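Notes for the one structure printed next.
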Amino acid sequence: MDTGTSGEEPKSWDELYNINLMPSELFLKFRKEIEGFRVGLNMEFYNVPINECHAKLVLKPLSYDRKWKFIYEPLHHDVHLISKKIPVTNFLSLQVGIGHSFQLRATGWKWKLTTCLGGDGVSRIRNKTSLGLCPGVDLRFGWRADYVFPEITGAVGTGEPLFNMNSGLHFVL
């Protein structure tokens, strides 16, 4: 562990990691299948980095090879037509869409490359888990694991330790 030259005590393993069991996002989804389409009301609650709530009405085809979904956000007065995520590699997907903001009176295209690895300048794994509460109602929560690869250093004849390791791990559910 780090003895350092500043006289600080070495860090214990307990100080090198942090586990936070609060979900970073929580979605409550109400869905109904009508004539080959799924109509849904999504209530999305975000804890990180700020507390936010989004309501969305979603319409998408039920077919396995569906290529699109339609989203209306009543609080922001936005509509979106979004493609299905298109796999580019095993860990990378592309999604494109067109949207209109009635509040801003603007229409535009968006595209997004997504991955379950990396993001925000830190090493990160992200995932979502869904639980079916009853027919037509799902609870989905997002979690992420931020991690830092161990830093291993050492020295001989300089007054620094022969072997020094600093590691960190941070989980946010």
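Keep in mind that what you see is a predicted model, and the values were worked out from it rather than measured. Count residues from 1 along the sequence.
Distance check, rounded to the nearest 0.5 Å: CD1 of Ile34 to CG of Leu62 gives 10.0 Å. Put simply, CZ on Arg66 and NZ on Lys60 are 4.5 Å apart, with the number rounded to the nearest 0.5 Å. In this structure, His54 NE2 and Glu52 CD are separated by 3.5 Å, a value rounded to the nearest 0.5 Å. Here the CZ atom belonging to Arg140 is positioned 11.5 Å from the CG atom belonging to Leu28, to the nearest 0.5 angstrom. To the nearest 0.5 angstrom, Phe70 atom CZ is 12.0 Å from Phe37 atom CZ. Taken from CD1 in Ile86 to CG in Leu92, the straight-line distance is 11.5 Å, to the nearest 0.5 Å.
In this structure, Glu44 contributes its side chain and Cys53 its backbone to no donor-acceptor pair below 3.5 Å. Not a single donor-acceptor pair under 3.5 Å links the side chain of Ser93 to the backbone N or O of Pro87.
Note: His80 and His100 fail the aromatic proximity criterion, with ring centroids not under 6.0 Å apart.
Residue Leu57 is not grouped with residue Leu75 when hydrophobic side chains (ILVMFWY) are merged at heavy-atom distances under 4.5 angstrom, including chains of intermediate members. Hydrophobic cluster membership is shared by Trp109 and Phe102, with clusters built from Ile, Leu, Val, Met, Phe, Trp and Tyr side chains linked at under 4.5 angstrom.
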Practice task
Run the numbers on Val58 and Val39 for side chain to side chain contact (heavy atoms under 4.5 Å, CB included), then give the verdict.
Solution key: CA-CA 6 Å; Val58 180; Val39 179; over 6 Å; no
Practice task
Give the intermediate values and the outcome of side chain to side chain contact (heavy atoms under 4.5 Å, CB included) for residues Leu104 and Asp78.
Solution key: CA-CA 9 Å; Leu104 300 174; Asp78 291 344; over 6 Å; no
Practice task
Any chance you could lay out the side chain to side chain contact (heavy atoms under 4.5 Å, CB included) test for Leu81 and Trp68, step after step, and finish with the verdict?
Solution key: CA-CA 7 Å; Leu81 184 61; Trp68 59 271; 3.7 Å; yes
Practice task
Step by step, work out the side chain to side chain contact (heavy atoms under 4.5 Å, CB included) result for Lys32 and Arg38.
Solution key: CA-CA 6 Å; Lys32 180 74 176 169; Arg38 176 177 289 149; over 6 Å; no
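Contact of the Asn42 side chain with the Phe27 side chain is not registered, since no non-hydrogen atoms from C-beta on lie closer than 4.5 Å.
Closest of all the heavy-atom pairs between Lys84 and Tyr64 is NZ-O, 3.8 Å. In this structure, Ser101 and His76 approach most closely via the heavy-atom pair OG-O, 4.5 Å. Across every non-hydrogen atom of Ala55 and Pro74, the tightest pair is O-CD, 3.4 Å.
Each of Val96, Ile71, Ile98 was compared with Ile82 under the side-chain contact (heavy atoms from CB on, under 4.5 Å) criterion, and only Ile71 meets it.
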